[in-house]
Amino acid sequence: VSQSRYASSQTGITDSLSVVLGSLAEIERLDRTGIPRPHLYAGYSVGNFTAMYAAGMISKTDLIRIVVERGKILEQCSRKNPGRMMVSIGLSDHKIKTLASRAGFKKYKIYLTNHNAPVHCTLTGPKKSLKLAYYWLIKAGARRVVFLKTKGAWHCPLMRGAAKPFSVFIRKNTQMLKRSIYRDWE
């Protein structure tokens with residue numbers, strides 16, 4: 001299967017699992033080197049759960065269970081609120097925010113979701129709206145605008161519907177997390 005074919009068929013579950021499995025492979029590779037593990041871990045998005053695993057807060061099995069359930073919930077939510085993500089390179093946050101207010105990004109449900117670097121931002125929203133944003137960003141001077149190969153408008157209000165079912169899952173499985181979090185304190 002070609003990379004582009006694989007990437008374009010990804011879902012919320014495989015998007016998340018591919019990130020987690022790559023991180024797990026790297027953690028295991030580093031463990032084999034004998035380099036001491038860090039004292040602190042951090043993650044963003046699904047990386048939060050990988051950080052919890054690396055810190056010994058949850059097991060690998062629990063990590064996979066959490067990520068799969070999260071992916072299922074996000075996938076269901078993205079079917080109800082279809083959207084995409086794209087990256088803008090070459091425009092500052094300020095310039096994108098100015099463009100957003102002039103072009104009415106809010107009206108089109110276009111969201112500036114990740115500030116990756118001073119001139120590298122991620123935008124999310126409905127597919128048709130992002131096509132408009134693509135042209136507005138190019139016209140405003142973006143060096144490059146790339147649609148990401150995800151199946152959802154992750155990290156924006158279109159995914160709000162995922163919060164409650166995921167909270168319910170976490171609450172029902174708090175023993176799993178408590179067992180890990182409080183292990184060293186008991």
Side-chain angles (χ1 to χ4, degrees), residues 1-78 84-90 92-93 111-124 143-156 159 162-163 165-186:
V1 177
S2 75
Q3 175 62 26
S4 61
R5 244 169 111 198
Y6 168 75
S8 65
S9 69
Q10 288 182 325
T11 64
I13 298 168
T14 54
D15 280 352
S16 298
L17 275 177
S18 64
V19 170
V20 167
L21 293 175
S23 297
L24 286 174
E26 185 61 16
I27 290 166
E28 290 170 6
R29 186 191 70 77
L30 288 171
D31 283 348
R32 285 191 303 273
T33 68
I35 297 170
R37 282 194 168 201
H39 295 285
L40 298 171
Y41 295 89
Y44 177 71
S45 189
V46 74
N48 289 326
F49 304 108
T50 305
M52 290 172 71
Y53 165 75
M57 295 173 67
I58 58 176
S59 70
K60 191 183 294 186
T61 301
D62 289 342
L63 168 64
I64 301 300
R65 279 184 48 217
I66 290 168
V67 171
V68 167
E69 185 63 24
R70 178 183 176 272
K72 287 178 187 176
I73 292 167
L74 285 172
E75 191 175 319
Q76 290 168 357
C77 191
S78 70
R84 293 185 77 178
M85 296 180 76
M86 65 185 206
V87 174
S88 170
I89 301 168
S92 68
D93 285 1
Y111 305 95
L112 181 57
T113 52
N114 298 345
H115 307 273
N116 306 315
V119 293
H120 187 281
C121 299
T122 305
L123 293 94
T124 59
R143 284 195 308 256
R144 191 162 184 215
V145 179
V146 178
F147 287 96
L148 299 176
K149 293 177 181 171
T150 62
K151 288 290 185 180
W154 314 142
H155 307 289
C156 80
M159 294 294 109
F166 189 61
S167 293
V168 169
F169 170 79
I170 292 296
R171 261 188 252 113
K172 283 182 180 176
N173 292 282
T174 52
Q175 279 310 113
M176 168 179 62
L177 295 176
K178 282 181 186 173
R179 180 179 67 238
S180 300
I181 293 169
Y182 300 112
R183 177 184 58 220
D184 297 331
W185 296 35
E186 295 180 331

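Remember, it's a predicted structure, so these values are computed and weren't measured experimentally. Note: hydrogens, waters and symmetry copies are ignored here, and every other heavy atom, side chains too, is used.
- Side-chain atoms of I27 and T50, non-hydrogen and from C-beta on, do get closer than 4.5 Å to each other.
- Contact check for R37 versus L30: no side-chain heavy atoms found under the 4.5 Å cut-off.
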side-chain contact (heavy atoms from CB on, under 4.5 Å) for L17 and I64? Distances and angles first, verdict last.
CA-CA 8 Å; L17 275 177; I64 301 300; 4.1 Å; yes

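- The pair K72-E75 fails the salt-bridge criterion, with no side-chain N (NZ, NE, NH1 or NH2) lying under 4.0 Å from an Asp/Glu carboxylate O.
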Please lay out, stage by stage, how V87 and R144 fare under the test side-chain contact (heavy atoms from CB on, under 4.5 Å).
CA-CA 8 Å; V87 174; R144 191 162 184 215; over 6 Å; no

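- No side-chain heavy atom of V20 sits under 4.5 Å from any side-chain heavy atom of Y53.
- Side chain of T113 to backbone of T122: a donor-acceptor contact under 3.5 angstrom is found.
- Electrostatic pairing of E28 and K60 counts as a salt bridge here, judged by a charged N lying under 4.0 Å from a carboxylate O.
- Summarising the geometry, atom CG belonging to L123 is positioned 13.0 Å from atom NE2 belonging to H155; distances are rounded to the nearest 0.5 Å.
- The two residues C121 and H115 come nearest to each other via the heavy atoms SG-ND1, 4.2 Å.
- The line from NZ of K151 to CZ of R84 is 8.5 Å long, rounded to the nearest 0.5 Å.
- Rounded to the nearest 0.5 Å, atoms CE (M52) and CD1 (I58) are 5.0 Å apart.
- Taken from CZ in F49 to CG in L63, the straight-line distance is 9.0 Å, to the nearest 0.5 Å.
- Using a 3.5 Å distance cut-off with no hydrogens or angles, the side chains of R70 and S45 do pair a donor with an acceptor.
- Between V46 and S16, the shortest heavy-atom contact is CG2-CB, 3.9 Å.
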Applying side-chain contact (heavy atoms from CB on, under 4.5 Å) to V168 and I73, what does each step give before you reach the verdict?
CA-CA 11 Å; V168 169; I73 292 167; over 6 Å; no

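- Residue R29 comes nearest to E26 through the heavy atom pair NH2-OE2, 2.6 Å, listed as atom of the first residue, atom of the second, then distance.
- Between G43 and A51 the shortest heavy-atom distance is N-CB, 3.9 Å.
- Nearest approach of S92 to V119, heavy atoms of both residues: N-CG1, 4.0 Å.
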Chi angles and distances behind the side-chain contact (heavy atoms from CB on, under 4.5 Å) call for F169, I66
CA-CA 9 Å; F169 170 79; I66 290 168; 4.2 Å; yes

